[in-house]
Amino acid sequence: MKEITTIKRGAIALLILFLLMLCIPLLALGAHATGDEANLSSSQVSSPASAPADSTAGESIPTSVSSTAQPAPAATMGSFRILDTSTGNIVTVPDEDFWVGAVAAEMPPTFEIEALRAQAIAAYTYYSHVRQEQREANGDDASQADFSADLSNWQSYASKEQMQQRWGEQFDAYYSRLLEAVDPVRGLVLKSGDSLALTAFHAISSGVTEASADVFGGQRDYLVPVASPGDLLVPGYQTTVELTADEFKQLALAQWPDIQLEGEPQTWVGEMQRTSSGMVTSMQLGSLSVSGLDMRTAFSLRSADFDLVFHEDKFVFTVRGYGHGVGMSQYGANYMAQQGADYREILSWYYPGTQLASAQ
């Protein structure tokens, strides 16, 4: 086997990650987020069955809003205006409904209660931040959406009717579980100083989360690399993608029409540059220098943390994690909850320096 690019993660580094699995809950005990926590409660529940890595877990990436969207009725900051990309219409969702619908869309309802609570606060804070910026830019124009999402595919938000259809006989149990998670924390947000934090989240990290500056280009003190070794235990942590040379070339040309891939296939890929957490930032592909994020898009990879070899006439990607890797890992949060951490500890671990506060 001739390797195009190989990143060997030493036994020492792996040992350190697994030792961190044991110490994260203990470290988190001293890292409570502070703020308005009146009448908050936590629940101890048994560990649920693991959900598949590609179930409903998602990524928090705001998308642009089309100017051709159908206007929604006038709304206040007590609701979200979501451009449904599947219909082109703007759907108005009251905050009260968004709390539960966002958790349902982003995290399996079988996850630990404390992980669900952390997700509820992270999702509400994130989209409230996006909403605030959008309305400040548009003067709260009711014809403009706060963000866009494919609601038909449970992106960002799912309605109660969608939950009933998908969950069937399990709806009552799952919906009750979501209410149990959301109700005690409803109305709480995370702040950085006096501002709403941009609480990005993703499904599975590569074992260490990424800095926002490396992925999105904006430095935020609370979106920095933190250890998330529980992700290494998730069945979907590592995936592979195999492509023939022809398939690889066709996908590359679709992404970069001007690219030149000449000579033997094993010469097409050159040196890779990575972040300290492992994500590929750039690499040489044929005649072009391309980004790891574009590689992820072009070859339908779960993340931009990957190795690539040419073996037995095939390109083989070995991919770690699922998502952009910034902020809270959803499966990492569930692992922490299984170890006894509550939502305060989870949030303060993944968003260091932020404070819990009332949304009002």
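Remember, it's a predicted structure, so these values are computed and weren't measured experimentally.
In this structure, the side chains of Leu356 and Leu190 come closer than 4.5 Å at one or more pairs of heavy atoms. Within the 4.5 Å cutoff, no side-chain heavy atoms of Asp305 are placed close to those of Val280. Considering only heavy atoms from C-beta on, Val100 comes within 4.5 Å of Leu179 through its side chain. Between Ile113 and Arg117, some side-chain heavy-atom pair lies under the 4.5 Å cut-off. Using a 4.5 Å cut-off on side-chain heavy atoms (C-beta onward), Ile90 and Asp84 make no contact. Looking only at side-chain heavy atoms (C-beta outward), Arg131 and Phe98 stay at 4.5 Å or farther from each other. Contact of the Thr240 side chain with the Val319 side chain is not registered, since no non-hydrogen atoms from C-beta on lie closer than 4.5 Å. Counting heavy atoms from C-beta on, the side chains of Gln330 and Ile204 never come closer than 4.5 Å.
Within the 3.5 Å criterion, the main-chain N or O of Asp141 finds no donor-acceptor partner in the side chain of Asn138. Side-chain atoms of Glu345 come within 3.5 Å of backbone atoms of Asp342 as a donor-acceptor pair (strictly under, hydrogens ignored). A side-chain donor-acceptor contact under 3.5 Å links Thr297 to the backbone of Leu293. Panel note: side chain Ser348, backbone Arg344; a donor-acceptor pair is recorded below 3.5 Å. Here the side chain of Ser176 pairs no donor or acceptor atom with the backbone of Ala173 at under 3.5 angstrom. The backbone N or O of Ala337 sits nowhere less than 3.5 Å from a side-chain atom of Glu112 that would complete a donor-acceptor pair. Judged by distance alone, the side chain of Thr125 and the main-chain N or O of Ala197 form no donor-acceptor pair under 3.5 Å. Side chain of Arg220 to main chain of Ser212: no donor-acceptor pair is present (N/O by atom type, distance under 3.5 Å, no hydrogens or angles). The backbone N or O of Met163 sits nowhere less than 3.5 Å from a side-chain atom of Tyr175 that would complete a donor-acceptor pair.
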Problem - Verdict with supporting geometry, Leu196 and Gln132, side-chain contact (heavy atoms from CB on, under 4.5 Å) - result: CA-CA 9 Å; Leu196 288 170; Gln132 184 179 67; 4.2 Å; yes
Practice task
Go through the steps to decide whether Leu151 and Ile82 satisfy the test side-chain contact (heavy atoms from CB on, under 4.5 Å), and finish with yes or no.
Solution key: CA-CA 9 Å; Leu151 298 184; Ile82 308 172; 4.0 Å; yes
Handout entry: Pair Tyr350-Ser228, side chain to side chain donor-acceptor pair (under 3.5 Å): steps then yes or no
Key = CA-CA 9 Å; Tyr350 284 107; Ser228 187; 2.7 Å; yes
Handout entry: Residue pair Met272, Leu308: steps toward the side-chain contact (heavy atoms from CB on, under 4.5 Å) verdict
Key = CA-CA 10 Å; Met272 293 181 178; Leu308 179 58; 3.9 Å; yes
Exercise for the section: Start with the C-alpha gap between Val224 and Glu210, add the side-chain angles, then the distance that decides, and say whether side-chain contact (heavy atoms from CB on, under 4.5 Å) holds. Expected result: CA-CA 6 Å; Val224 294; Glu210 296 283 349; over 6 Å; no
Exercise for the section: Evaluate the side chain to side chain donor-acceptor pair (under 3.5 Å) criterion for residues Asp97 and Tyr157: first the C-alpha distance (whole Å), next the side-chain angles of each, then the deciding distance (0.1 Å), finally the verdict. Expected result: CA-CA 9 Å; Asp97 296 336; Tyr157 171 80; 5.0 Å; no
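Across Thr199 and Ala122, no two heavy atoms sit closer than the pair OG1-O, 2.7 Å. Of all heavy-atom pairs between Leu232 and Ser206, the closest is CD1-O, 4.1 Å. Val185 approaches Ala120 most closely through the heavy-atom pair CG2-CB, 4.4 Å. Closest of all the heavy-atom pairs between Met328 and Ala333 is SD-CB, 4.0 Å. What you find for Leu261 and Ala252 is that their closest heavy atoms are CD1-CB, 3.9 Å. The shortest heavy-atom contact between Ala213 and Gln219 is CB-OE1, 3.4 Å.
Using modelled atom types, one finds no donor on one side chain facing an acceptor on the other under 3.5 Å when comparing Asp214 with Thr275. Between the side chains of Asp150 and Ser152, at least one donor-acceptor pair of N or O atoms lies under 3.5 Å. Ser329 and Asp231 are linked by a side-chain donor-acceptor pair at a separation below 3.5 angstrom, with hydrogens and angles left out of the test.
Between Trp268 and Phe315, the two ring planes are parallel [angle under 30°; tilted spans 30° to 60°]. By the 30° and 60° cut-offs, the orientation of the rings of His324 relative to Phe216 is perpendicular. Relative orientation of the Phe317 and Phe306 rings is perpendicular, given thresholds of 30° and 60° on the angle between their planes.
Ring centers of Phe299 and Phe248: under 6.0 Å apart, within the cut-off. Less than 6.0 angstrom separates the ring centroid of Tyr127 from the ring centroid of Phe147.
At least one test fails for Arg320 against the ring of Tyr237: distance under 6.0 Å to the centre or angle within 45° of the axis.
For the atom pair CZ of Phe111 and CG of Leu178, the computed distance is 12.5 Å after rounding to the nearest 0.5 Å. Atom OG of Ser148 sits about 14.0 Å away from atom CZ of Arg81, to the nearest 0.5 Å. Between the OG atom of Ser86 and the CG atom of Leu83 there is a distance of 9.0 Å, given to the nearest 0.5 Å. Here the straight-line distance linking atom CD of Glu262 with atom OG of Ser287 works out to 7.5 Å at 0.5 Å rounding. Atom CH2 of residue Trp349 and atom CE of residue Met336 lie 6.5 Å apart, to the nearest 0.5 angstrom. Here the CD atom belonging to Gln355 is positioned 12.0 Å from the CG atom belonging to Leu347, to the nearest 0.5 angstrom.
Counting heavy-atom neighbours within 6.0 Å of Gln165 CD, excluding the residue itself, gives a total of 12 or less. For Glu96, the CD atom sits in a loose shell: 12 or fewer heavy atoms of surrounding residues, nucleotides or ligands are nearer than 6.0 Å.
With respect to the salt-bridge test (charged N to carboxylate O, under 4.0 angstrom), the residues Arg177 and Glu180 do not qualify.
For Lys160, there are no salt bridge (Lys or Arg N to Asp or Glu O under 4.0 Å) partners two or more places apart in sequence or in a different chain. By the salt bridge (Lys or Arg N to Asp or Glu O under 4.0 Å) test, Arg186 is found to be paired with Asp183, residues two or more places apart in sequence or in another chain being considered. Asp221 pairs by the salt bridge (Lys or Arg N to Asp or Glu O under 4.0 Å) definition with nothing, not counting sequence neighbours.
Between Ser289 and the options Glu271, Gln273, Gln284, a side-chain contact (heavy atoms from CB on, under 4.5 Å) holds for only Gln284.
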